[in-house]
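Note: hydrogens, waters and symmetry copies are ignored here, and every other heavy atom, side chains too, is used. Because the structure is a prediction, the values reported are computed rather than measured.
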Amino acid sequence: MPAAALRPKPLPTQSTAQRSVLFDSPYEPVVKRPLPAGRPREWYVAHNRRLKAMRLAIALLDSGVHQPGEARNETIHATAERIGMRPPSDTTCHMVRALMRYSR
C-alpha cells in the first residue's frame, strides 16, 4: 500500500472550500494615532521613510515583483505613482529592496 494512502485526508481550508468565503466587513484602514512628541526630527523622518518603504514593498509584491533585483528605481517610482504616492528618494528605493530581501 502506498504511503500516501495511509495519510488522512486534510480538512478543507478556506482556499479549497466549496463555498465562497465572505468578509464580515469591508476593508477599513486602522485609525491613525499621533506620533510620540519629543523625539528628534531625524527619528520622524526615518519613521515615515520606513512606512513609505513598507507600503511600496507590499504594493510591489502584490503586483508580482518578488525579487529585489526586479525592483529597480524606475519600477518603484512607477508603483508609487500607481498607488498615489509621491515619488520616493533613492534612499527609500534602497530600503524597499532591503525589505524585500530580508523578508524571507
- Might you point out which heavy atoms bring M85 and R55 nearest each other, and give the distance in Å? CE-CB, 3.8 Å

- Got a second to check how far H77's NE2 is from S89's OG, nearest 0.5 Å? 8.0 Å

- Quick one: do W43 and M95 end up in the same hydrophobic cluster if we chain Ile, Leu, Val, Met, Phe, Trp and Tyr together by side-chain heavy atoms under 4.5 Å apart? no

- Query: Would a distance-only check, ignoring hydrogens and angles, find a side-chain to backbone donor-acceptor pair under 3.5 Å from K52 to R86?
  - Reply: yes

- Note on the structure: Tightest non-hydrogen contact, residues G38 and Y44, listed as N-OH, 3.5 Å

- Task: Provide the closest heavy-atom pair for R82 versus S63 in the form atom of the first, atom of the second, distance.
- Result: NH2-CB, 3.4 Å

- Message: With a 4.5 Å cut-off on side-chain heavy atoms, are P88 and R49 touching?
- Response: no

- Item | Within-4.5 Å side-chain heavy-atom neighbours: D62 and I58 | yes

- Item | Derivation and outcome, side-chain contact (heavy atoms from CB on, under 4.5 Å), residues I83 and L56 | CA-CA 9 Å; I83 63 174; L56 283 167; 4.2 Å; yes

- Interatomic distance, L51 atom CG to T92 atom OG1 [nearest 0.5 angstrom]: 11.0 Å

- Provide the closest heavy-atom pair for C93 versus N73 in the form atom of the first, atom of the second, distance. CB-OD1, 3.2 Å

- Start with the C-alpha distance between E70 and T75, add both sets of side-chain angles, then the distance that settles side-chain contact (heavy atoms from CB on, under 4.5 Å), and finish with yes or no. CA-CA 8 Å; E70 298 172 350; T75 309; over 6 Å; no

- Task: Quick one: closest heavy-atom pair of M100 and A71, and the distance?
- Result: SD-CB, 4.0 Å

- Note on the structure: Rounding to 0.5 Å, atoms CD (E74) and CD1 (I76) come to a distance of 9.0 Å

- Message: As an exercise, state the distance from CG of L60 to CZ of R97, rounded to the nearest 0.5 Å.
- Response: 10.0 Å

